[in-house]
Amino acid sequence: MKKSSIARTLVFSILFGTIFLSGCAFTKHAKDFNGLTTPDGDAYHLNTSKYALHFLFGFFPLIGDASIEQTVSDFTTAAKEDGASQVRIAYSDKFNWWFIFPPFTFLLTPVSTTVLGDAIIKPENFTAIPALNK
């Protein structure tokens with residue numbers, strides 16, 4: 001097999017993998033604070049990551065929307081569904097992967113966004129959250 005066909009196969013595999021994962025949002029929960037509470041009361045940690053395919057260096061959403069606004073919306077929706085009354089966002093980041101396979105990724109740019117924070121909940125609702133009782 002020639003090196004060019006291997007490289008071409010690798011590039012297309014990564015681009016199709018990016019398209020397949022585009023628009024996906026993953027939310028992870030963590031509840032073990034070793035018995036400690038936050039200044040606002042009981043809480044659990046949320047980590048929301050979103051992946052999308054944007055157009056022209058990541059400026060225009062094409063498949064999915066990995067903007068900070070949309071990822072914060074997904075983060076707060078997950079917290080609200082779990083019974084949280086407040087959230088505290090500790091970190092957010094958006095990264096455009098335009099440099100991976102130029103010139104392909106100049107036009108079709110994979111974008112990843114992460115929002116990390118705590119969801120503050122009422123003590124009586126803490127044990128009722130199915131995602132935390134695994």
Side-chain angles (χ1 to χ4, degrees):
M1 212 175 198
K2 295 181 181 179
K3 286 185 179 181
S4 64
S5 65
I6 293 172
R8 189 177 326 131
T9 303
L10 179 65
V11 167
F12 285 117
S13 298
I14 291 174
L15 284 176
F16 284 121
T18 302
I19 290 170
F20 178 71
L21 288 174
S22 293
C24 294
F26 301 98
T27 301
K28 299 174 188 168
H29 298 82
K31 70 171 184 173
D32 188 7
F33 280 71
N34 292 316
L36 300 174
T37 62
T38 67
D40 298 320
D42 288 330
Y44 66 96
H45 178 76
L46 273 177
N47 176 357
T48 300
S49 297
K50 188 150 190 169
Y51 305 96
L53 189 65
H54 287 204
F55 187 65
L56 288 177
F57 295 97
F59 291 112
F60 306 104
L62 186 63
I63 300 175
D65 184 5
S67 64
I68 292 288
E69 294 83 9
Q70 185 61 45
T71 308
V72 167
S73 175
D74 293 344
F75 176 88
T76 54
T77 299
K80 201 172 199 178
E81 287 174 356
D82 288 342
S85 58
Q86 296 177 329
V87 295
R88 179 180 28 247
I89 295 176
Y91 175 80
S92 64
D93 182 44
K94 178 180 175 184
F95 195 76
N96 295 340
W97 297 86
W98 60 266
F99 56 87
I100 294 178
F101 295 112
F104 301 112
T105 53
F106 292 165
L107 293 176
L108 300 175
T109 309
V111 177
S112 61
T113 307
T114 302
V115 174
L116 304 171
D118 298 325
I120 313 298
I121 57 177
K122 297 176 183 175
E124 62 271 9
N125 292 338
F126 194 70
T127 57
I129 301 171
L132 299 178
N133 293 321
K134 291 182 180 178

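Values below: all heavy atoms of this structure, side chains included; hydrogens, waters and symmetry mates excluded.
Judged purely by atom type and a 3.5 angstrom limit, His45 uses its side chain to pair as donor or acceptor with the backbone of Gly117. With Thr109 contributing its side chain and Trp98 its backbone, the two residues share no donor-acceptor pair below 3.5 Å.
Ala52 and Gly64 make their closest contact through CB-C, 3.7 Å (heavy atoms, listed as atom of the first residue, atom of the second, distance). Taking both residues in full, the closest heavy atoms of Ser92 and Val115 are given as CB-CG2, 4.1 Å, listed atom of the first, atom of the second, then distance.
Ring geometry for Phe99 versus Phe95: interplanar angle over 60°, hence perpendicular rather than tilted (30 to 60°).
In the hydrophobic clustering of this structure, Leu116 does not group with Ile89; members are Ile, Leu, Val, Met, Phe, Trp, Tyr whose side-chain heavy atoms approach within less than 4.5 Å, directly or through other members. Taking hydrophobic clusters as Ile, Leu, Val, Met, Phe, Trp and Tyr residues chained together by side-chain heavy-atom distances below 4.5 Å, Trp97 shares a cluster with Leu53.
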Compile the donor-acceptor pairs under 3.5 Å between side chains in residues 71-80 and protein atoms, sequence neighbours left out, one pair per line.
unit_1, atom_1, unit_2, atom_2, d
Thr71, OG1, Ser67, O, 2.9
Asp74, OD1, Gln70, NE2, 3.2
Asp74, OD2, Lys50, NZ, 3.0
Thr76, OG1, Val72, O, 3.0
Thr76, OG1, Ser73, O, 3.1
Thr77, OG1, Ser73, O, 2.7

task: Go through the steps for His54 and Asn96 under the test side-chain contact (heavy atoms from CB on, under 4.5 Å), then give the verdict.
output: CA-CA 9 Å; His54 287 204; Asn96 295 340; 5.6 Å; no

